[in-house]
Amino acid sequence: MPEGLTSAEVAERVAAGAVNSVRRRTSRPLRQVLRANLVTRFNALIAVLCGLVLIFGQPIDAGFGLVIVVNSAVGVVQELRARKVLDSLAVLAEAPVRVRRDGRELSIASRKVVVDDVVLLGPGEEVPVDGTVRDSDGMEIDESLLTGEAEPVGKQPGSEVRSGTFVAAGSGLFTATRVGADSYAARLVAAASVFDLTDSELMRGINRFLRLVTWIIVPVGALLVVRLFLAGSSVSDAVVGSVAGIVPMIPEGLVLMTSVAFAVGVIRLGRHRCLVQELPAVEVLARVDTLCIDKTGTLTEPGMALKEVRPLAGVAPETVRTALVALAGAEANPNPTMAAIAAGLSDTGWHAHERIPFSSTRKFSGATFGEHGTWLVGAPEVLLPASDPVRSSADELAAGGLRVLVLAQAPGLDSHERAAAALVVVEQRIRADAPDTVRYLAAQGIDVKVVSGDNPATVAAIARKVGVPGADDPVDGRSLTQDPAALADTAAGRAVFGRVSPQQKQEMVSTLRSRGRTVAMTGDGVNDALALTAADLGVAMGSGSPATRTVAKIVLLDDTFSALPRVLAEGRRVLGNIERVANLYLTKTVYALLIALLVGVARLPFPFLPRHITLVGTLTIGVPSFFLALAPTDERARPGFVPRVLRFAVPAGLVAALATFAAYAIGRRNTASSLAADRSTATLTLFLVAFWILALVARPYTPWRLGLLAAMAAGFGVVALVPGLRHVAALTFPDPRDTLTAAGVSVLAALALLLLRHRPAGAERG
């Protein structure tokens, strides 16, 4: 074993910058956070409009400009909070690296590896930096995440290893040659674990709205300015009226509320020790309709225990025990099964001359012990022919939910002539929370599929015990077809799969996605890494292999399967509530556009001052949307976000615009009524209709939602009734008939909305 670098040599390399100091980027740098929240299209537009009002109108009418400060501050604070949570959890989830220094084996953080470090590797461990192999004990590297090649690649001294790959079998050590920004890991990490919304289907839909609104605002705003001038308005009145018409067209809070909802989702999951490595994963959570789970480590506890060793006729029990201990000892880094065997038996004096390490693809391991011969241990159906009667005994044990291996003798490691010497029975403990979790998933309409490399009978028995529907009809992975269409039919129609290779897991996930399923995959072993990558959402257990934690989008640090319901519920809360908020903001955009067009056509003074729009928008959209965006909900998200929101927002906005303009037009026909009174009538009408729309979006009613509605109604009432506040808001109601007109038109509008029977998108069980 090499001595490795000395402490002095490590210090020299650190001082020279030859260290793997690439920061794990779970969030944007502060300058990007500030720029993303401050320098936006709508912030610039609102700032210009605010400046025009300050020049041509009264400062109180520029109050809507505060939305820039509030939106930006809330967005920055929430993202920084989310970044703090993500960064702290990322440290907990970071896999340690084993190195040789000063003649000792040390466990250090990946970022502390330096050039020329001697790095040790075992099964499931990720290659942290690029390097050259110095020693290999049957080491095979899975490079599929880089090259797409499914078969692991054997590595010998002198071979190159690259970061971003992981050990599929065997063990070895290598010398680090490229670290930090020079290694492949720098590019891999830069592409993953980013606090970003760019891959979000939801944000793509919202951006479609924003682009459309941007194109509409310019011509409508120009039309409004021209018409107000032609109607005889002064320059000041025309500018202020135009601003009042344009401001409500801008859904300025929609992006903010979306970002806040995602960020708060990350924070809430972080409090439950769930590391979200990509922000869009929160959205995908809500869309999941199929969950593929690995049996070991998910339905069962991570550890195993040796239950029984059954020597077969003609083989001495002592020989069996000695061979098993020797095989376990031959593994430099034994898997959980071999570790359980080694823990249950005493030591031996046999020494391996040649060996084959265990891999998920081979499903067996073996070694040659000189005069003691060659011994193999692994899956009975892999090592023994179908006609061997030992297979029947193994299947009977497996049907009880036990993991069964066969110990066999062979003339050599490459020989297919094998004689069974014993059955090895390993017991797995079912997680206490697994049955309740499976029931919850089924009740939520999520199709649960158990995909495992273990014996199909064993997998089926465990699945039955935890209540997986369809567990009585398992599929043997070795019988799966290569035809994509047929494989998709089988994957969609069956629930339990055993003896599935890592490549088959990946193919099954891919075929399910090709059928329109939104697939989440959970796992903890190196054999799950490919499937986690192929899934819409990869979920890794915190105690799993470094490979799975690296490629997964969510890591359950407490290693509990029961955390999944909370994770799924958080995603649904985020997405469902964003649809509620989108209903409010897009309805405002629609009615603002229509009112501006109606005023332009009718050549009337604009029915609002900017402060009126600020008042109505704050009480019916701004404040309520903040609470609604963070409310609990449990309905799975559905596709078609944009059409659903438009089906609600367009008719609701149309009704609000027509009702408001009707009440305003009626007031204008009364020559004894002042413009201030008519604007107050329009403001009251718009508030009442917008409040009714808010009431529809807030369904179903719960105590806190009813309290929110009551608070918003009371807020407007206080402003309208308290003289000082009424004066600031420029509201006046000298003629009771105007108030009755507003109330009557609002009632008709409410009835029209009910008749349209548009249940708002996102209005689900609360």
Side-chain angles (χ1 to χ4, degrees), residues 46-71 73-74 228 233-250 252-253 584 588 591-592 595 599 604-626 656 660 663-664 667-668 673-691 694 708-736 738-743 746:
I46 291 174
V48 170
L49 296 175
C50 184
L52 290 174
V53 172
L54 289 174
I55 294 172
F56 292 99
Q58 299 183 38
I60 187 65
D61 283 321
F64 64 87
L66 292 174
V67 74
I68 298 177
V69 178
V70 175
N71 283 3
V74 171
L228 289 177
S233 298
S234 65
V235 173
S236 296
D237 288 344
V239 170
V240 173
S242 299
V243 170
I246 293 172
V247 167
M249 299 180 198
I250 305 172
E252 72 285 340
L584 293 176
K588 182 187 77 166
Y591 70 60
I595 289 174
V599 169
L604 293 173
F606 197 74
F608 306 109
L609 294 174
R611 70 189 80 174
H612 296 148
I613 293 297
T614 301
L615 175 63
V616 174
T618 299
L619 295 177
T620 62
I621 299 172
V623 173
S625 68
F626 186 82
T660 302
Y664 177 62
R668 294 305 295 158
S673 178
S674 67
L675 177 59
D678 295 338
R679 282 175 166 167
S680 298
T681 300
T683 301
L684 176 59
T685 305
L686 180 59
F687 172 78
L688 292 174
V689 178
F691 180 82
L694 170 63
L708 176 65
L709 293 173
M712 297 303 98
F716 188 87
V718 169
V719 172
L721 296 176
V722 175
L725 295 176
R726 186 170 65 243
H727 175 73
V728 171
L731 295 177
T732 178
F733 303 101
D735 191 340
D738 291 339
T739 304
L740 291 175
T741 297
S746 301

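Just the heavy atoms: all of them, side chains too, but no hydrogens, waters or symmetry mates, feed the values below.
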Would you find a donor on one side and an acceptor on the other, under 3.5 Å apart, between the side chain of T685 and the backbone of T660?
no
H612 side chain vs A730 backbone, donor-acceptor pair below 3.5 Å
yes
In Å and rounded to the nearest 0.5 Å, what is the [atom1] to [atom2] distance from [X] to [Y]?
X: F691; Y: L684; atom1: CZ; atom2: CG; value: 12.5 Å
X: F606; Y: I613; atom1: CZ; atom2: CD1; value: 6.0 Å
X: L731; Y: T681; atom1: CG; atom2: OG1; value: 10.0 Å
X: L54; Y: L49; atom1: CG; atom2: CG; value: 11.0 Å
X: L609; Y: I60; atom1: CG; atom2: CD1; value: 10.5 Å
X: T614; Y: L619; atom1: OG1; atom2: CG; value: 10.5 Å

Residues which pass side chain to side chain contact (heavy atoms under 4.5 Å, CB included) with L675, listed by chain and number, not counting sequence neighbours
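Here the qualifying residues are P605, Y664, R668, R679.
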Pairs flagged by salt bridge (Lys or Arg N to Asp or Glu O under 4.0 Å) wherever residues 710-735 is involved - sequence neighbours left out
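As it turns out, the salt bridge (Lys or Arg N to Asp or Glu O under 4.0 Å) pairs with a partner in residues 710-735, which skip direct neighbours, are D735-R737.
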Would you mind listing every salt bridge (Lys or Arg N to Asp or Glu O under 4.0 Å) that reaches into residues 49-62, with sequence neighbours excluded?
D61-R611
Is the number of heavy atoms from other residues, nucleotides or ligands within 6.0 Å of CZ (F626) greater than 12?
no
Are side-chain heavy atoms of V240 and P610 found at a separation under 4.5 Å?
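Result yes, sub-4.5 Å side-chain heavy-atom pair found.
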Is the shortest heavy-atom distance from the side chain of V243 to the side chain of F56 under 4.5 Å?
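In short, these two side chains do not touch, never coming nearer than 4.5 Å.
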Show the nearest heavy-atom pair for residues S673 and G667, with the distance to one decimal.
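Shortest heavy-atom separation between S673 and G667 comes out as CB-O, 3.8 Å.
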Looking only at heavy atoms, which two atoms of F716 and L615 are closest? And how far apart?
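Of all heavy-atom pairs spanning F716 and L615, the closest is CE1-CD2, 3.8 Å.
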Out of I595, D678, T683, which one pairs with P607 under the side-chain contact (heavy atoms from CB on, under 4.5 Å) rule?
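Only match with P607 under side-chain contact (heavy atoms from CB on, under 4.5 Å): I595.
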Between V689 and Y591, does a side-chain contact (heavy atoms from CB on, under 4.5 Å) hold up when you go through it step by step?
CA-CA 11 Å; V689 178; Y591 70 60; over 6 Å; no
side-chain contact (heavy atoms from CB on, under 4.5 Å) between L584 and T620: does it pass, once the steps are laid out?
CA-CA 8 Å; L584 293 176; T620 62; over 6 Å; no
Would you please test D738 and F733 for side-chain contact (heavy atoms from CB on, under 4.5 Å) and show each step?
CA-CA 7 Å; D738 291 339; F733 303 101; 5.9 Å; no
